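The structure follows.
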Amino acid sequence: MWNRLTENIQLPKITHRSIHFIQNMIVGAMLAIAFAFVSRFLHDAVNLLALASVALWAVYHDDSEDIVAILTALALSFAYLLLSQPMNFVAASVALGVYFSWLAFSRDLSEKLPPQISLTQTCLLQAALSLFLLLAIPAALIGFYYEVLCSIVLPTIAPYLVWFNHHLGPPAGALGAIIIVGLASWRQEADEESWYWLATPAMAVFFAFFFLPQHSTIGAIAVMTVGVVLSIVAFFYRPTWDTTRKSWRTLQAVTLTGTGFIAWFAIANNWEWFHQYEAAQVINIKVIPKLPATINNRLLPHISAPDYCTQGNGRGTTIVSNFARPMYINLDGELNFFWQCERYPSRFAGHVLTWPGTGIEGVIMADGGGPGQFAAPVKVNFPLGEESPLIKGVFTLRHPWSEMDRPIIGRTDAGTYYLLIPYTSWGLQWGGMVREFSGVMVVSKNGLIEDMTPQAAARMFPGIPLYPTKLAREYARHWASNGDIYEKEWQGNVLELSDRDDPDDTHYPTWQAFKDGVWGVIPFETKGDHQTQLRAIGLVDPVTGDMKVYFPETSESGDLTRAAEQKNLPGPKQILSMVSRSHPGMNAVKLVDGLLIVSESGQIYWNTALLQTNVQLNHGYAFNPIYDGHGVFLGDARSRQDIDRIITQHEKEVAEAAKQRSPKK
């Protein structure tokens, strides 16, 4: 039917030229988008060299039919490089001011000015105009960039871009592919051979470039297979010299496929159960038979860390962040735990460079290995902090579909500090969009910005858990309830995180040091108000988010002896409620931060922090009560050595008791 309706349509040449012009601009915009996606992970010099090479080629091939697409791609790509790198934009603005200032200074104004103006006055006027242009042009451009674009426009549209990608991104991509393939089919002349059939494979590659399911093998195979099939259809049904009319078979196939995908996306992305099931499949789960031993160097609870950080802030013109980030530093061959708090200037006198850009004036490192208040500042200034409108605006330009996570100051092995901003994005899974850890935006002390993959950032900044804590909790929660349909729904083994709603408590995962590295600990218990048994312990990879799961032993054999010492354990949520039993004489106290302890023999213990709720200083943090796996109080620790001594003594007593209970030969 389409053939009969369209075979006699004849469009004027002016319309064809207009459509060709618009078509080339669309192609140029698509090329610029692809360049922006790739250029984030390349050095600026490489990006500029690539664009300069293309521009040089365009100068000597200005008669090319595709010159409009090339110029559009070049213009948008150069603009992106300037706007997405603040220092580049500042340098370009200053260079533009210098150029126009030089033009004004070098121009002969004597012939255009009234004759009564002397040569000296002309030179002074010329110098004033040159100085005005030198200052006004950079100030106007930088002011517009900072005050309008980065402070108003980009922050306003950023949430809508994230929402659009989450709810409409892939359907819009499929609809765009249908429109572009339809335009290519319409533009294809009868009895003429052209390259319009390449629109189908090009759109298939472009769609896979942005929406290829990275965590679903089935989804990735489906997308690539459909792209290959549509490309083959486009090739075999392309119009050639021996055809007598246009071919619409490719458009029909693309429309059918795209419509089916849009319908499936609407179901998969809005069906709550299936959407959660998709998220549960994102991370890789590996069951391990034994937990690795812990390095028990984390004692200071998160709620008290900002108070400890203020101890190291000796500058009255700064304030310390009320949120602390965990990190591990290898000092003299020993892994040490620290809490990190950023320090911000509180007024202009705080620091001239950091105050205007909402920057960071150093960080405070609080020793998290004991109750003693040991904190020291690290003197490293960042003129552009994470709260700076410039950083937020540039982040939106570089990652329009992503959301920033909490930043942290990272230190390389060479001793150089950078501001690290992890970010998450919505990525296509089997058919719906799930949130994933996409990368890290790295900001240097000079304001230069670079993007890294999570793996590259982890190699460059060791000891820092980059994986977003909220995302790890979300994946763990989905896995606990949707990881295996038969196991969870039919066998009733539905799990939940064993943590509390106490605002002073640290929510899992808690990033802890083990003998084989740093892992995020997430304990699970049976779901329900009447179930308290510890059923699983997850160890989250701080880079990929993949989880190793250990299932503690359980016993339903009715064994009432102490031989089942490590079976049927309660979850840490119950351990944290035992303060009245372990410290009966203390009033107005509570326990927080159930940190996992695993001995060399594989036994499970819990390290908690005791707070005095009626004391404001350090939130009343006093010491660390240690409990065994069954919630039996073992002793109070005030250092890492105390924990190791308590665990060693307890295991010695357990071994002696077991030896006495064993039958004598």
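Everything quoted here is computed from the prediction, not taken from an experiment.
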Thr648 (side chain) donor-acceptor with Asp644 (main chain) under 3.5 angstrom: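 Yes: the side chain of Thr648 pairs with the backbone of Asp644.
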
Leu596 vs Phe514, side-chain contact (heavy atoms from CB on, under 4.5 Å): CA-CA, chis, key distance, verdict: CA-CA 10 Å; Leu596 176 68; Phe514 291 77; 4.2 Å; yes

Backbone of Met433 reached by a side-chain donor or acceptor of His275 within 3.5 Å: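 A pair under 3.5 Å: yes.
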
Chi angles and distances behind the side chain to side chain donor-acceptor pair (under 3.5 Å) call for Gln429, Tyr277: CA-CA 10 Å; Gln429 181 62 359; Tyr277 181 76; over 6 Å; no

From CA spacing to verdict: side-chain contact (heavy atoms from CB on, under 4.5 Å), Asp451, Met441: CA-CA 5 Å; Asp451 283 287; Met441 192 172 85; 3.8 Å; yes

Test item: Leu291 and Lys548 side chains (from C-beta on) under 4.5 Å apart, heavy atoms: no

Donor-acceptor under 3.5 Å (Asn607 side chain, Arg298 main chain): yes

Leu495/Trp479 under side-chain contact (heavy atoms from CB on, under 4.5 Å): CA gap, chis, key distance, verdict: CA-CA 9 Å; Leu495 307 178; Trp479 170 82; 4.2 Å; yes

Minimum heavy-atom distance Ser438-Ser425, with the two atoms named: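 Answer, listing the atom of Ser438 first, then Ser425: OG-OG, 2.7 Å.
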
Gln85 vs Val394 side-chain heavy atoms within contact, under 4.5 Å: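 They are not in contact (no side-chain heavy atoms under 4.5 Å apart), so the answer is no.
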
Test item: Ile646 and Gln649 side chains (from C-beta on) under 4.5 Å apart, heavy atoms: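 Counting from C-beta outward, Ile646 and Gln649 never come under 4.5 Å.
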
Nearest heavy atoms of Val579 and Lys590, plus distance in Å: CG1-CA, 4.3 Å

Nearest-0.5 Å distance that lies between atom CD in Glu474 and atom OG1 in Thr469: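 Going from the CD atom of Glu474 to the OG1 atom of Thr469 covers 12.5 Å.
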
Nearest atoms (heavy-atom pairs only) where Ile464 meets Gly410: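 Closest approach of Ile464 to Gly410: CD1-CA, 3.4 Å.
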
Tyr328 side chain vs Trp511 backbone, donor-acceptor pair below 3.5 Å: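 The answer is yes, because a donor-acceptor pair under 3.5 Å joins these two groups.
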
Value rounded to 0.5 Å, distance of CG in Asp405 from OH in Tyr467: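 Output value for this atom pair is 10.5 Å.
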
Ala293 versus Ser599, closest heavy-atom pair with distance: CB-O, 3.9 Å

Heavy-atom side-chain proximity of His399 to Met404 below 4.5 angstrom: no

Whether Phe395 and Tyr423 hold their rings parallel, tilted or perpendicular, with breakpoints at 30° and 60°: perpendicular

Contact check, side chains of Pro407 and Phe382, non-hydrogen atoms, under 4.5 Å: no

CA sep, side-chain torsions, deciding dist, call: Ile360, Glu387, side-chain contact (heavy atoms from CB on, under 4.5 Å): CA-CA 9 Å; Ile360 299 173; Glu387 293 297 327; over 6 Å; no

Donor-acceptor contact below 3.5 Å, side chain Ser498 vs main chain Lys573: yes

Leu466 side, atom CG; Phe461 side, atom CZ - distance, nearest 0.5 Å: 8.5 Å

Side chain to side chain contact (heavy atoms under 4.5 Å, CB included) partner of Ile626, the single match among Ile643, Thr608, Leu595, Asp636: Ile643

Aromatic plane relationship, Trp339 with Phe337 - under 30° parallel, 30 to 60° tilted, over 60° perpendicular: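 Aromatic pair Phe337/Trp339 classed perpendicular.
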
With Asp505 via side-chain contact (heavy atoms from CB on, under 4.5 Å) - residues at least two apart: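 side-chain contact (heavy atoms from CB on, under 4.5 Å) list for Asp505, sorted by chain: Arg500, Asp502, Leu576, Val592, Asp593.
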
Minimum-distance pair of heavy atoms, taken over all atoms of Val440 and Ala457: CG2-CB, 3.9 Å

Beyond-backbone contact of Phe323 with His302, side-chain heavy atoms, under 4.5 angstrom: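 Sidechains of His302 and Phe323: in contact.
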
Within 6.0 Å of CZ in Arg406, more than 12 heavy atoms from elsewhere: no

CG on Asn446 to OH on Tyr418, rounded to 0.5 Å: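 That separation rounds to 8.5 Å.
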
Leu497 and Phe524, any side-chain heavy atoms less than 4.5 Å apart: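 Touching, per the 4.5 Å side-chain cut-off.
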
Identified side chain to side chain contact (heavy atoms under 4.5 Å, CB included) partner of Pro86 from the options Leu448, Ile391, Ile449: Ile449

Atom OH of Tyr550: over 12 foreign heavy atoms under 6.0 Å: yes

Separation of Tyr627 OH from His650 NE2 (nearest 0.5 Å): 14.0 Å

With Arg325 via salt bridge (charged side-chain N to carboxylate O under 4.0 Å, His left out) - residues at least two apart: none

Reported CD-to-CD1 distance for the pair Gln340 and Ile408, which is rounded to 0.5 angstrom: 4.5 Å

Parallel, tilted or perpendicular: rings of His166 and Trp426 (30°, 60°):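 Rings of Trp426 and His166: parallel, under 30°.
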
Side chain to side chain donor-acceptor pair (under 3.5 Å) evaluation trace for Thr294 with Asn296: CA-CA 6 Å; Thr294 54; Asn296 307 309; 2.7 Å; yes

Any donor-acceptor N/O pair, Arg473 side chain to Tyr508 backbone, under 3.5 Å: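 Yes; judged by distance alone, with no hydrogens or angles, the pair exists.
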
Leu335 to Ala513 - nearest heavy-atom pair and separation: CD2-CB, 3.7 Å

Beyond-backbone contact of Ile329 with Met365, side-chain heavy atoms, under 4.5 angstrom: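 A side-chain contact exists here, since the closest heavy-atom pair is under 4.5 Å.
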
Donor-acceptor pair, side chain of Arg343 and main chain of Glu361, under 3.5 angstrom: yes

